[in-house]
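Counting starts at 1 for both ligands and their atoms, following the listed order.
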Amino acid sequence: MEKFFSFIEKSPTSYHAVENIRQRLEEEGFLSLEEKDSYLLEAGKSYYVVRNDSSLLAFKLPKNSPKGFLLMASHSDSPCFKLKEEPEAITQKSYVKFNVEKYGGMIDSTWLDRPLSMAGRVVVKEGKELKTKLINFEENLCIIPNVAIHLNREINQGFAYNAQVDLQPLWSGQEDDSLDALLKEKLGNDQEILGKDLFVYNRQSGCFLGKNKEFIGAPRIDDLECAYGTLEGFLQAKAGDYCNVYCIFDNEEVGSSTRQGADSDFLLSNLERITYSLGKREELSQMIANSFLVSADNGHGLHPNHPEKSDSKNYPLLNKGIVIKYHGNQKYTTDAYTGAVIKAICKEAEVPYQIYHNRSDIAGGSTLGNISISHASIPTADIGLAQLAMHSSFETAGSKDLEYLISFSKAFYEKEIE
Ligand code: CO
């Protein structure tokens with residue numbers, strides 16, 4: 001669990017999550033591919049490709065011609081605040097605030113009165129070249145203070161935070177402070193900064209909670225828990241007859257329709273290129289039909305204070321295993337067949353599973369599985385782990401479930417169920 005906490009801490013943004021996964025894959029001997037170059041692939045070798053620094057696909061080619069693809073997909077982003085292009089524009093008296101907008105749908109109140117930091121990527125000009133650099137301040141850089149209760153007696157009666165007024169982080173007490181100067185200091189040089197994708201994040205470390213350490217708390221559990229668990233299973237799985245693919249997509253929290261999101265050609269284009277470079281151009285449709293995708297994104301566990309928010313029967317609990325998600329209107333892709341595949345794998349691997357349905361009068365969330373199959377129409381199921389307080393800046397999950405996901409993922413990638 002300490003390794004998982006450390007992964008979360010080192011991954012304040014999707015850029016950092018992908019960079020940490022990339023480094024891990026390099027250590028494991030994976031070879032880097034660039035989408036702008038041609039793919040010359042060799043059977044038995046493992047590769048990865050990154051798009052726009054924040055989505056990644058890794059795959060292991062079997063020694064023999066693969067029957068199809070076995071894929072698991074999660075997302076690299078979490079709700080947070082994004083700095084605007086001119087971020088220190090708001091100055092009042094001796095306060096300098098970051099001018100931010102919301103990225104994704106967060107629980108606003110959980111971002112106030114706690115130490116926040118900033119991370120992301122910047123683009124600098126080096127000679128004639130534009131270079132991207134990751135940046136992470138890893139220090140208590142800013143805070144969003146609440147208004148005192150004496151000045152806002154209504155706050156406990158259900159208060160709506162206004163994003164432009166109430167949620168702007170306080171950063172400095174010196175009016176002439178500029179973020180670019182701070183960034184240059186952090187980068188250790190005086191290069192011109194021409195682009196920024198910077199985010200404010202919660203600095204709190206992951207920890208165990210509860211009398212018997214049965215719970216964990218951390219920022220970004222949705223969806224870094226699935227990103228981490230499926231990666232471990234992917235790396236541990238022995239080679240079989242399929243091409244195993246690990247996917248992590250950015251921008252799930254804002255609808256996935258970006259160049260690197262699940263609603264792009266990133267997956268399909270790479271599956272095509274893998275198939276073609278193995279000399280199986282005619283067999284692409286056959287390969288896709290003979291594949292299976294598991295979309296892994298966390299689900300809502302039964303809430304201790306609000307059990308009425310869950311379905312009367314199909315509710316998951318923390319520490320009780322993989323959650324298989326179903327939805328009548330197909331926001332979750334699981335059907336009788338794909339759900340049966342997941343259950344059979346769980347039984348074989350002795351991993352407990354449980355079922356999630358929304359209450360029939362609550363719309364619930366959505367995820368990337370059904371978006372992804374609109375591009376590559378692979379048989380798909382939606383799973384996840386049960387958690388509480390989804391999209392809080394600090395979420396809660398069960399301390400046993402990550403191991404269940406790792407065991408499930410390994411068993412999935414070693415699939416023997418046909
Ligand atoms: Co999610």
message: If you apply the rule salt bridge (Lys or Arg N to Asp or Glu O under 4.0 Å), what do you find for Arg24 with Glu232, and how did you get there?
response: CA-CA 10 Å; Arg24 180 78 199 280; Glu232 289 304 315; 2.5 Å; yes

Tell me whether the Co ion (ligand 1) has [X] as a neighbour, meaning an N, O or S atom of it below 2.8 Å.
X      : value
Asp297 : yes
Glu252 : no
His75  : yes

- prompt: Which N, O or S atom name in Asp222 marks its closest approach to the Co ion (ligand 1)?
  reply: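 Restricting Asp222 to its N, O and S atoms, the minimum distance to the Co ion (ligand 1) goes to OD1.
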
- prompt: With ring centroids as reference points, do Tyr228 and Phe4 lie under 6.0 angstrom apart?
  reply: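 Close enough - the centres of the two rings lie under 6.0 Å apart.
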
task: For this output row, return yes or no: ring centroids of Tyr326 and Tyr332 closer than 6.0 angstrom.
output: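 That pair fails the under 6.0 Å test.
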
task: Using a strict cut-off of less than 4.0 Å between a Lys/Arg side-chain nitrogen and an Asp/Glu carboxylate oxygen, indicate whether Lys102 and Asp108 qualify as a salt bridge.
output: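 Salt bridge present between Lys102 and Asp108.
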
